[in-house]
Amino acid sequence: MMTDYADQLLDFMYVDRPKVASFLAQFLSEGLVEREETTRETSGSRSGSVGLPSAKILSLLGISAAGERTSANATSEKLMKNPEWAQAKALVQYVDDAQAQTSYSGSSIGTLQIVSGNLSIYDLTPFRKAASNRSLMDAAVEFVSNNPSFFFEEIKEIDRKIGELEDSKSRNRDTSKINSDIKKLKDKRKDRLENSPNFGRLLAEGIAEFARQAPFSIIAMLQSEEDIYWFTLREESLLHTQGDTILKYGFDIEGKWSVACVVDGEDNSSKEHKLTDFGDFGLSQLPVYDMVRGVVTVSRNLAGRPSSFRSLMPLVVYRSLGPLLR
């Protein structure tokens, strides 16, 4: 059943403006209006009937019930109109109409849909920002330097043996051999560390560079009655401050939210995954291929879409606040 959004007041959480414009521009051969400038003659006594909100709301906007800006004398005024939010609403209406008029058979990949349910948002971008913080990286270097056993299994084992020998001194009168063994272990420990003097800095810089280049995004999941959808959000398209949202809700946003979207990934949990054969292209012989594939696999396993989730490309994330007051 189609929904008439013309009389609905929508609360937009996310609008992918370039994507919304790219869809709507295809309806107009001359292109989509980004900003409209109009000039008109106004008068405090002009009247007319237009579909506008209540007189109380209009008065707050400086507009008469006839749809004109109130003025004691007739004047010429210039108006700058921003159609951005009307366009977002128009796209929501189009997607809803398209979904109601289309029956899906088989895969729904590449279809316009509106999915509704419980929304969760996880912002992973602070990992990338933290990696660019020099003070934090220096602190990581210092930690590695002061705690080599945390990363070196061999150093960890040497420290364990030294600790056992130190404890055994209290149970032995002759500690000369124990001291000799401890000295040998400490010399071995020193030798291992001196063979990799830059390990701490190299490790910290490597981790920081990986974090800067890794595809950490703002991840969202929407659980409908039938499926769980995984998608990412562009930070510049969000209409709320993510920090405020986390403080208010945590990760799970209360209420029912809807996403006008393009479905672009199915549940692959039951399918057999096979590596693509690049032999014909000679790529299988390149060591960099395995390295890149390994990085991508690690990144997706760390923060990517689970195979059992469907995925979508969000255009507009919104909720309805009820009918517009007329």
Side-chain angles (χ1 to χ4, degrees), residues 120-221 230 242-252 269 273 275 287-309:
S120 300
I121 298 179
Y122 305 86
D123 188 355
L124 303 184
T125 57
F127 290 105
R128 187 187 302 117
K129 296 173 182 177
S132 301
N133 187 312
R134 189 70 191 185
S135 298
L136 186 61
M137 193 182 79
D138 289 341
V141 171
E142 184 176 354
F143 175 82
V144 172
S145 301
N146 295 333
N147 301 274
S149 60
F150 189 83
F151 297 95
F152 282 112
E153 188 63 33
E154 185 179 9
I155 298 297
K156 185 177 181 179
E157 180 62 19
I158 291 174
D159 289 344
R160 186 187 66 79
K161 290 180 178 179
I162 291 175
E164 290 178 350
L165 290 173
E166 292 286 359
D167 291 340
S168 69
K169 284 183 179 181
S170 61
R171 300 188 298 271
N172 293 273
R173 293 182 179 180
D174 185 4
T175 60
S176 58
K177 185 178 186 307
I178 295 176
N179 289 332
S180 176
D181 290 342
I182 290 175
K183 184 179 183 304
K184 290 178 182 178
L185 287 171
K186 287 184 176 181
D187 289 342
K188 183 179 180 180
R189 185 182 193 276
K190 181 180 178 181
D191 180 66
R192 294 293 185 272
L193 292 177
E194 287 178 347
N195 285 333
S196 54
N198 296 321
F199 174 78
R201 178 160 295 281
L202 291 174
L203 178 66
E205 290 180 349
I207 293 175
E209 184 62 24
F210 175 81
R212 282 192 290 267
Q213 301 300 328
F216 289 130
S217 305
I218 299 176
I219 294 173
M221 300 180 198
W230 185 99
Q242 185 59 14
D244 292 343
T245 302
I246 290 176
L247 292 176
K248 185 184 295 183
Y249 301 111
F251 297 116
D252 301 323
S269 58
H273 295 279
L275 295 178
V288 70
Y289 164 73
D290 289 332
M291 181 181 69
V292 171
R293 191 177 188 89
V295 171
V296 171
T297 300
V298 169
S299 298
R300 188 179 178 195
N301 289 339
L302 180 64
R305 173 173 71 103
S307 298
S308 59
F309 290 9

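A pairwise comparison of heavy atoms in Asp167 and Ser170 identifies O-OG, 3.0 Å as the closest pair.
Here Lys169 pairs with Glu166, Thr175, Ile178, Asn179, Ile182 under the side-chain contact (heavy atoms from CB on, under 4.5 Å) rule; sequence neighbours left out.
Between atom CZ of residue Arg160 and atom NZ of residue Lys156 there is a gap of 10.5 Å, rounded to the nearest 0.5 Å. Interatomic distance, Ile162 CD1 to Lys186 NZ, rounded to the nearest 0.5 Å: 6.0 Å. Put simply, CG on Asp159 and CD on Glu157 are 9.5 Å apart, with the number rounded to the nearest 0.5 Å. For the atom pair OG1 of Thr245 and CG of Asp252, the computed distance is 12.5 Å after rounding to the nearest 0.5 Å.
A salt bridge does not link Lys161 with Glu164: every distance from a Lys NZ or Arg NE/NH1/NH2 to an Asp or Glu carboxylate oxygen is 4.0 Å or more. We find that Lys177 and Asp181 are joined by a salt bridge, their nearest charged nitrogen and carboxylate oxygen being less than 4.0 Å apart.
With a 4.5 Å cut-off on side-chain heavy atoms, Ile121 and Ile219 do not count as touching.
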